Amino acid sequence: MTTVYLKPHKEESLKRFHPWVFSGAIARVELDAKHQSDAPEEGEIVAVYSASKEPLGVGHWQIGSIAVRILAFGVEELPKDFWVERIRAAYKVRQTLGLANVQGTKENNTFRLVHGEGDFLPGLIVDVYAETAVIQAHSVGMHVSRKEIAEAILAEVPQVKNIYYKSDDTLPFKAPIEGEKTGWIKVQNDDVQCTKDEFWSIENGLQFRIDWLRGQKTGFFIDQRENRALVERYAKDKDVLNMFCYTGGFSLYALRGGAKSVDSVDVSQKAIDLVNINVAKNFPEATNHKAVAADAFEYLSKQKSEGRTFDLIILDPPAFAKHRDAVKNALRGYQRINAKAIEMIRPGGILFTFSCSQAVDKEAFRLAVFSAAAQVGRKVRILHQLHQPQDHPINIYHPEGEYLKGLVLYVE
Ligand code: SAH
């Protein structure tokens, strides 16, 4: 196996179980005999040692500033049954959470099985929708290991019969990738392939059509499950505006909560088509829902010019900062969109506002929302501080894993 030696004193973070080895920490790399090139191959498993040759762990080699993502600490090779054991441990957490009970799938059969570093599997996401697991690789190493991962899921998670692989948007752009980045790895239930346009998953008793072939992420934003349930509690008799609605998650909960009206807005027409399908499936009689394909900023300006106001607005934009360099602009974006929303809330109304940018921390986001409130000059109080749900756990040694934050504001 290829071995990586760190510079003196660069082993500290690995000893504290932080899973990344930065390229600047590496003193030298000794390639094993198989190599024709003069560097490890992206995705290959390497062993990492301190300057004094102490074994620190094994992980996937990557090209870029993070050179190795550690899979197992303190060992010199990947333990036998590594994937099965990790998937078993991840599944156990979801059982503890009451999300993955085979018998109890009538109310909820949608959950995240693997959340990257949060499940000690850096670079891997697995979401479960009823009988289908969707695997998403964010590193070449996970791509290389995808079939073993699929086998481990089928062995350990009884409700999963089919495995879809969807990594065309998440693998490093320039990496040499062998094999397909998207497609079925395993189909044990033939119905799934032929009914892919008719596939439904259940979240808290609501049915959602999941389009994992063309949809965003793995097909759905499972991370808002609990925050959507909170909207349901506040929705009664309210005029609700759901901005960045995607397939209408928050809208369905608002309708079930007894909202007077719900407007759903997203820039993607495909998303809007799915919102309409989801509303029709869950509330076939509803006449109080409207879905519009529009840019959020333009839409809010237009509504304001027409004098429209709402009792409850949800703002769940895509990550405005995809990396550190973009944070300043992102904060301006958050301030702008929040100011526009706060302006349109009736006195005594509520704003649910979110950021899923990992690079924007809780304090920075709160400051952007504070600036928005001050800019508009409304009296605003924080009712709830929200975050990602338990099936998106944060590895305590990898605080970067905390990405979703939200505020529920009472606006006078
Ligand atoms: N709230 C959703 C998830 C939102 S994801 C849920 O509960 O499932 C962010 C969404 O913002 C995506 O659907 C994307 O299409 C949409 N989007 C991106 N830019 C936008 C813009 N400028 N205006 C409106 N929608 C936008």
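None of the values given here were measured: they were computed from a predicted structure. Numbering of ligands and ligand atoms starts at 1, following listing order. Along the sequence shown, residues are numbered consecutively beginning with 1.
- Judged as a salt bridge (Lys or Arg N to Asp or Glu O under 4.0 Å), and not counting sequence neighbours, the contacts of Lys15 are Glu54.
- With hydrogens and angles ignored, the 3.5 Å screen pairs a side-chain donor or acceptor of Arg146 with a backbone N or O of His143.
- Taking the six-membered ring where the residue is Trp, the centroids of His384 and Tyr234 are separated by under 6.0 Å.
- For ligand 1, the 4.0 Å heavy-atom shell takes in Gln216, Phe221, Arg228, Phe244, Cys245, Tyr246, Phe250, Asp266, Val267, Ser268, Ala294, Asp295, Ala296, Asp316, Pro318, ordered by chain and residue number.
- Note on residues 282-310: pairs passing salt bridge (charged side-chain N to carboxylate O under 4.0 Å, His left out), not counting sequence neighbours, are Asp263-Lys290, Asp263-Arg308, Lys302-Glu306, Lys304-Glu343.
- Geometric assessment of Lys281 against the ring of Trp200 yields a positive cation-pi assignment under the 6.0 Å and 45° thresholds.
- Phe354 meets the ring pair (Phe, Tyr, Trp, His ring centres under 6.0 Å) test with Phe250; sequence neighbours excluded.
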